[in-house]
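So the structure is just underneath, and the comments pick up after that.
For the numbers below, each heavy atom of this structure counts, side chains included, while hydrogens, waters and symmetry mates do not. First the proteins, then the strands, lettered A, B, ... as listed; each starts at 1.
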Protein chains: 2
Amino acid sequence: MAQPKKAASIWDVARLAGVSHQTVSRVVNGSPRVAAATRDKVLEAIAELGYRPNRLARSLAGGAAESVTVLTADTSLYGPEAALRGIEKAARALDWSVQISVLDPADTHSDADIIARLPRAGEPTIIMAHDEPGMRAKQVLLDQQPHAMVAIGPYTAEELAASPWLVGMDDGKAAAEATRYLLDLGHATVHHLAIPTSTATFGGGKAHRAEGWARVLREAGREVPEPVPSGWTIAEAFKAVQPLVADPSVTAILCGNDHLALATMRAAHLAGRSVPGDLSVVGFDNTPFSAYTTPALTTVNQDFESVGRGAFELLRHRVDGSIPRPVPGWPEPELIVRETSGPPSS
Amino acid sequence: MAQPKKAASIWDVARLAGVSHQTVSRVVNGSPRVAAATRDKVLEAIAELGYRPNRLARSLAGGAAESVTVLTADTSLYGPEAALRGIEKAARALDWSVQISVLDPADTHSDADIIARLPRAGEPTIIMAHDEPGMRAKQVLLDQQPHAMVAIGPYTAEELAASPWLVGMDDGKAAAEATRYLLDLGHATVHHLAIPTSTATFGGGKAHRAEGWARVLREAGREVPEPVPSGWTIAEAFKAVQPLVADPSVTAILCGNDHLALATMRAAHLAGRSVPGDLSVVGFDNTPFSAYTTPALTTVNQDFESVGRGAFELLRHRVDGSIPRPVPGWPEPELIVRETSGPPSS
DNA sequence: GACAGATAGGTGAACGTTCACAGCGGGCGG
DNA sequence: CCGCCCGCTGTGAACGTTCACCTATCTGTC
């Protein structure tokens, strides 16, 4: 089996079935205006030749795109990885193809560079990055092809409602909830080990983690300690969090994600501070491993995979111009209390 | 800026520069047979129109592919994720585009299905999956387009040398090393919590983790306990490992990857067995978090990102028919001893 | 001073599909 | 019995490239 010969084209099928190439096209695309007998002949020829439509040609000719390009931050981060997974799943179910292109914060991306990432003009695109290159990409695409782009990120309900090309969850609200929880436990204040995107736009977006944390502290009339900026890697977090765990007055740390939380736990352990006895640690994202650390991590669940799926659905509707059907919902971020949080010891 | 108009084509550039479309093509592709003056005119026109070649059209017309399709297992696994990252990085550096398509073990994939994943016949492809669908995909592509495919997986040095389309590291050897280490520590035997791909082909591939583990045990004349099969998720591993941690005669467990190891540590902790006092745990992959668990995980480092990069390089050379240059090497798997392993207590 | 060979550039077809439109019958209303 | 519309099908041109091949013009050689 499996002849290494050239793949059959629509013309080969047409010849074999004794019809025109256009009729084959109609059958393939499920047009209703084809007689049943003809359809069968064509279908038979398709089966015999093992014909498969060529995606490239289809797109070139201006047909349906059936392809998404995902512009993303580093996929070693759990959020982007999970969202990508959701997108891929949803796309695969509809037989769309998925391109990925990582926006490296180290590169400077000109507008043209970003457009060059797309296989063709108007290529449906999902942006998953709220750092500088991500924001720039968003702007470029918004200018050039607003109908064929969707951005995933931390947005408030109002932002989501105002911009039909935005998809995401309100990180700020979730961070607020977690902070309030720690305050209610009796902690005088809560410190924050922040992910890069959170500090970069700190004070800007209402939906960012650091912002939600700070808001609750202010509202409660507590001291708002300077957030401690960390890089994305665990190693960087481990280094950045040292002063925090060394300070006995620090009794609660809200971490920008579960990796940072793990680094914090490790650092606390080495500094001789017990968790949650001396120090409460709360993570973010409910990364799969977080339920299995010892002690198990208290964290905020985020269903990134569903968000990815939702982004894909929205994009699809925007592209084909159908009524912007409400994006299928997903679970709100939710605090999951496990073992790393408790009342302060003193 | 940024007119939402249709993108400029090669013809628009040709018209503006006062040359033929072919000359533009030559300039774009860096053909030497263009007069300097003409080239400048064309370049100027390109700049003015913001022209970017259309990838789709280029591929359709039979030009260089500049595109890879990655057929992969679930990207939530560290190995595939890291390798994909390596591929994407290498591809981006050369301005190639990357498609991803996940092979779901739940689906039955017919040969035609697999071919249908490719945007076009002959599309350069990398396969990263050693489960059933992955093996099938490998076979299909080997039949149809051996010159445009590369497979990543656990292979021995001999397999690698024999099949120029294979790339990978010898997991079996690494597992053997880890097992020998535990034996040398004084453990009577070593138990194995196995990843799905390892048990599925258990006894088959010499390069599989379970195989390397069993080999060392046999060579040392030790009892070879039945390997305990686990699913990929931490939750599944946690469940699967229960009998092992409950058994006081079990003093050392080699885990198929770091996630399984984390589950094992957690289970051991809940069962009241201390690590490494009562039980030594060794993981696999050196997943980023593994250095920051408490106690820090002893594991086997695997540089998947480099392997991914190597696979891309190899593919590129195979596609353009250049001498199969030796794939740039990468670090051999290496045991990293941290805190979860030690001599048996009794 | 004619001719081979190189050098620069152009022409038309091909890639595999969709889109816009034209044609051709047959049924049905007048 | 004529004409009209509708259901089905075919024709030709696009889409944006590259490829194979052809045509000028210039250079140098004998």
Side-chain angles (χ1 to χ4, degrees), chain A residues 5-42 45-46 49-67 95 97 115-116 118-123 320, chain B residues 5-43 45-46 49-67 97 115-116 118-123 320:
Chain A
K5 299 187 57 64
K6 256 180 45 186
S9 84
I10 207 171
W11 287 99
D12 302 322
V13 176
R15 198 173 317 117
L16 183 60
V19 298
S20 77
H21 71 282
Q22 183 56 265
T23 299
V24 176
S25 174
R26 276 188 269 256
V27 170
V28 169
N29 293 296
S31 157
R33 4 205 78 209
V34 179
T38 312
R39 183 192 316 279
D40 289 349
K41 259 193 315 187
V42 172
I46 287 179
L49 294 175
Y51 165 77
R52 293 274 162 178
N54 178 321
R55 279 224 158 85
L56 265 44
R58 192 173 265 185
S59 296
L60 220 213
E66 308 221 326
S67 150
D95 220 53
S97 72
I115 291 300
L118 310 180
R120 63 161 187 173
E123 165 81 1
D320 72 10
Chain B
K5 299 189 55 63
K6 254 181 45 183
S9 83
I10 205 171
W11 286 99
D12 302 323
V13 175
R15 198 174 317 117
L16 183 60
V19 298
S20 77
H21 71 281
Q22 183 56 265
T23 299
V24 177
S25 174
R26 275 189 269 256
V27 169
V28 169
N29 294 295
S31 157
R33 3 206 78 211
V34 179
T38 312
R39 184 193 316 280
D40 288 349
K41 259 194 312 187
V42 171
L43 254 20
I46 287 178
L49 295 175
Y51 165 78
R52 292 272 163 180
N54 178 321
R55 278 225 160 85
L56 266 44
R58 192 172 265 185
S59 295
L60 221 213
E66 307 219 328
S67 150
S97 72
I115 292 299
L118 310 180
R120 64 161 185 172
E123 165 81 2
D320 72 11

Using whole Å, what does the distance between atom [atom2] of nucleotide [N] and atom [atom1] of [X] come to?
| X | N | atom1 | atom2 | answer |
| --- | --- | --- | --- | --- |
| A:Arg33 | C:dC21 | CZ | C1' | 14 Å |
| B:Leu60 | C:dG16 | CG | P | 7 Å |
| B:Leu56 | D:dC15 | CG | C1' | 10 Å |
| B:Lys41 | C:dA8 | NZ | P | 14 Å |

Worksheet item: Can you find a side chain N or O atom of A:Thr23 that sits less than 4.0 Å from OP1 or OP2 on D:dC8?
Response: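 Looking at the OP1 and OP2 atoms of D:dC8, neither is under 4.0 Å from any side-chain N or O of A:Thr23.
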Worksheet item: Is there a side-chain polar atom (N or O) of A:Ser59 under 4.0 Å from OP1 or OP2 of C:dT17?
Response: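 The answer is no; no side-chain N or O of A:Ser59 sits under 4.0 Å from OP1 or OP2.
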Discussion item. Just to be sure I understand the rule, does A:Arg52 reach a base, reach only the sugar-phosphate, or reach nothing, if contact means heavy atoms closer than 4.0 Å?
Written reply: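 Here A:Arg52 touches the backbone only, sparing every base.
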Worksheet, complete the sentence: Scoring nucleotides 18-27 of chain D by protein non-hydrogen atoms under 4.0 Å (B base, S sugar-phosphate only, - none) yields BBB-------
Worksheet item: What's the shortest heavy-atom distance between A:Ala65 and A:Ser59, and which atoms?
Response: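 That would be O-OG, 3.6 Å.
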Practice prompt. Mind listing the closest non-hydrogen atom pair of B:Asp12 and B:Ala7 along with its distance?
Written response: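 Closest approach of B:Asp12 to B:Ala7: OD2-O, 4.3 Å.
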Item to complete: By nearest nucleotide on DNA chain D, pick out whichever of B:Ala8 and A:Arg39 is the more 5' one.
Response: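 The residue whose closest nucleotide sits nearer the 5' end is A:Arg39.
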Worksheet entry | Which residues share a side chain to side chain contact (heavy atoms under 4.5 Å, CB included) with B:Ile10, sequence neighbours left out |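 With neighbours one apart ignored, the set is B:His21, B:Val24, B:Ser25, B:Tyr51.
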Practice prompt. Ignoring hydrogens and angles, tell me if any N or O in the side chain of A:Asn54 forms a donor-acceptor pair with the backbone of A:Leu56 under 3.5 Å.
Written response: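 It does hold such a pair.
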Discussion item. Testing the 3.5 Å rule here: is there a donor-acceptor pair between the side chains of A:Glu123 and A:Ser67?
Written reply: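 On atom types as modelled, these side chains qualify, holding a pair under 3.5 Å.
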Worksheet item: For A:Ser9 and B:Ser20, take the nucleotide of DNA chain C holding the closest heavy atom to each; which residue's nucleotide lies nearer the 5' end?
Response: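 Mapping each residue to its closest nucleotide by heavy atoms, the 5'-most match is B:Ser20.
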Practice prompt. Mind jotting down which residue pairs meet the salt bridge (charged side-chain N to carboxylate O under 4.0 Å, His left out) criterion with at least one end in residues 17-43 of chain B? Sequence neighbours excluded, please.
Written response: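 Every pair satisfying salt bridge (charged side-chain N to carboxylate O under 4.0 Å, His left out) with a residue in residues 17-43 of chain B: there are none.
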